[in-house]
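Input: a single structure, listed below in structure tokens.
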Amino acid sequence: MDRPAQITIAAWRDALAAFGDGGYRWLIISPDQLKKLLGRNGQPKYSFSLIINDEAQQFRHLTAQRTQYQRRINRLSAPPEKAPFVITVTATPGHHPGEYTYLSSLFAQLHDDPPGEWADLGQKLVEHGLPLAPGWDKGKWDWNDQAKGSQRLQHQAVTRVRKWMTDCDPPVMVHRDAPWGPPPVDGLPLDFTATQWAAYHQDWSEFRSAMRIARQGNDTARGRAALMRFRQKAGMLRAPQTAELVAAHVERGYQVLVAVELVTTAADPVASLLEEHGIGVSRIFGGGDLETERMRFQRGHNPVVVFNTASAINLQASELMVDGSRASSARRIGFFHQPRYSGIAAHQTMGRAHRDGQVCSWSLLFAAGTVEEQAARIMINRLMVTSASVDGDLGAFGKLARLFDADWLPESMFE
């Protein structure tokens, strides 16, 4: 299961206690602990009958150690009769089919090929005509230049791979849209004042000093680091507006989720500004007892939660607790204080409260004309692709996409 382990292990343990263990011996483990299941020779110490990979998208990068451990424990290179039965669970398979690496053995079975032929999934998908190209890092793939400029090509590619799994007999992929509909999403661009623009364009070292941000590590701002610095600036400059918006919704009786990616320049200032106004805030970021923080929000003691954990925690209204009690029934509403480049993280974030029949609407906040607007565009594009990969409802995201370019998406995607 995914992080944070102190929340998710407890949740899985409670679920097994409630539903029964089926007579099996269960091991609940996080990706940080997977190495403990391997021997000195790098091979699995144990043979499992059944493996459930929850939030499987975390194993999409082949060069990551957790992916390498997971592939060995799942025995993805072994023929099916010598491997465990594997159940893969995710609402967001990847930003493109080249990231479905944890399904390589399944694709091999569907095509009657040896698993080894699909180990380099990206290359095999190219051989099948998908518009992919090697990425910037070893083992990674991305859309090729033609597909990067065509939402239609991306949609066709993910649809084709999805149909491999849904059109076989029996289907090996099952997906169900939430019966209560997708989360309502809108965009709220903010126009900077002249003072904010001046601070945004300020040299990073001067901005850091003016905003009293502690220096950490390399303080240069070139290339990707420069983009990150501009994101840090924009998020911190908008913190007062976000806090004001959140406070207004608290006054209207909502419990509010504020999703962030960065801590020092986003999570901390937003949470501190709200607390200065006497509003209780659960902080699910950094260290501390995260489950206690979560429960203070769920019980309604804190009307706001600021968090940077995208998956594997429950923040919904009326959550059923292990003792039979329920979380507060106050309606949830969410704000992305920062747009994220990852459509997977964005989709997962919205699912923290829009679940089990509970509707949670979301707003995407960003500073117009800044690097945040570019990040918002990429986030929405990737949200569309991740939804199409499981044949999900695209309508809500399509409306948001039109904020950026009315001709950006083909009408056929909303039929």
Side-chain angles (χ1 to χ4, degrees), residues 2 31 53 55-72 74 76-77 86 88-111 113-166 172-173 175 223-224 227 310-311 340-348 374-375 377-392 409 413:
D2 202 359
N53 296 308
E55 304 294 0
Q57 73 282 346
Q58 66 184 314
F59 301 115
R60 66 190 186 277
H61 297 312
L62 288 174
T63 55
Q65 282 193 331
R66 63 174 178 266
T67 300
Q68 295 172 19
Y69 301 153
Q70 182 256 11
R71 293 183 68 84
R72 295 176 199 170
N74 282 245
L76 294 186
S77 297
V86 175
T88 299
V89 184
T90 178
T92 51
H95 293 123
H96 54 76
E99 290 189 341
Y100 305 171
T101 51
Y102 50 87
L103 296 176
S104 63
S105 181
L106 177 61
F107 291 146
Q109 291 181 57
L110 293 175
H111 289 83
D113 291 332
E117 287 192 19
W118 288 77
D120 187 347
L121 180 63
Q123 182 59 50
K124 196 66 177 179
L125 292 175
V126 170
E127 292 175 11
H128 279 262
L130 268 72
L132 298 174
W136 56 270
D137 196 10
K138 181 180 179 181
K140 292 186 179 180
W141 292 77
D142 201 349
W143 296 116
N144 63 23
D145 290 340
Q146 186 180 12
K148 284 180 180 178
S150 171
Q151 187 76 23
R152 186 182 296 275
L153 276 179
Q154 295 179 25
H155 185 256
Q156 290 172 345
V158 297
T159 299
R160 181 181 177 193
V161 175
R162 184 186 74 236
K163 286 182 176 295
W164 287 350
M165 296 182 281
T166 57
V172 296
M173 186 181 89
H175 171 265
R224 291 186 180 179
L227 289 176
S311 63
R340 307 183 70 139
Y341 286 109
S342 171
I344 292 174
H347 200 120
Q348 293 280 346
Q374 176 191 11
R377 179 186 292 268
I378 292 173
M379 171 179 147
I380 299 306
N381 176 59
R382 290 178 170 173
L383 271 172
M384 297 290 294
V385 173
T386 56
S387 293
S389 66
V390 294
D391 200 21
L409 299 166
M413 294 186 68

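We use all heavy atoms of the structure for the numbers below, so side chains are in, but hydrogens, waters and symmetry mates are not.
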Interatomic spacing from NE2 in H347 to CE in M384 - rounded to 0.5 Å: 12.0 Å
Verdict with supporting geometry, D113 and K124, side-chain contact (heavy atoms from CB on, under 4.5 Å): CA-CA 11 Å; D113 291 332; K124 196 66 177 179; 4.1 Å; yes
Heavy-atom closest pair, residues L132 and G122: CD1-O, 4.4 Å
Closest heavy-atom pair and its distance - G98, L121: O-CD2, 4.3 Å
Rounded distance [0.5 Å steps], OG in S342 versus CG in L383: 8.5 Å
Test item: W164 and H128 side chains (from C-beta on) under 4.5 Å apart, heavy atoms: yes
Side chains of Q58 and N53 in contact at under 4.5 Å (non-hydrogen atoms): no
Atom pair CZ/OG1 of R382 and T386 - distance to nearest 0.5 Å: 10.5 Å
Sub-4.5 Å side-chain heavy-atom contact between Y102 and R71: no
Distance-only donor-acceptor check, side chains Q156 and Q154, under 3.5 Å: no
Worked check of side-chain contact (heavy atoms from CB on, under 4.5 Å) between K138 and L62: CA-CA 9 Å; K138 181 180 179 181; L62 288 174; over 6 Å; no
Spatial distance of atom CD (Q57) from atom CD (E99) [nearest 0.5 Å]: 10.0 Å
Nearest heavy-atom neighbours spanning A157 and P131: CB-CD, 3.9 Å
For R162 against A388, the heavy-atom pair lying closest together: NH1-O, 2.6 Å
Candidates W141, Y100, W118 - the one meeting side-chain contact (heavy atoms from CB on, under 4.5 Å) with L125: W118
Any side-chain heavy-atom pair of M165 and L106 under 4.5 Å: yes
4.5 Å side-chain heavy-atom contact, K148 and D142: yes
Side-chain heavy-atom pair F59, P31 within 4.5 angstrom cut-off: yes
Rounded distance [0.5 Å steps], CD in E55 versus CD1 in I344: 10.5 Å
Side-chain (S150) to main-chain (Q146) donor-acceptor, under 3.5 angstrom: no
Other residues, nucleotides, ligands: >12 heavy atoms within 6.0 Å of E117 CD: yes
Nearest heavy-atom neighbours spanning M173 and V390: CE-CA, 4.2 Å
Heavy-atom check, side chain of T166 versus side chain of D391, under 4.5 Å: no
OG on S389 to NE2 on H95, rounded to 0.5 Å: 10.0 Å
E127, CD: over 12 other non-hydrogen atoms inside 6.0 angstrom: yes
Partner residues of T67 under the side-chain hydrogen bond (donor to acceptor under 3.5 Å, both in side chains) criterion, sequence neighbours left out: none
Check: Q348 and T90 side chains under 4.5 Å, non-hydrogen atoms: yes
Side-chain (S77) to main-chain (G116) donor-acceptor, under 3.5 angstrom: no
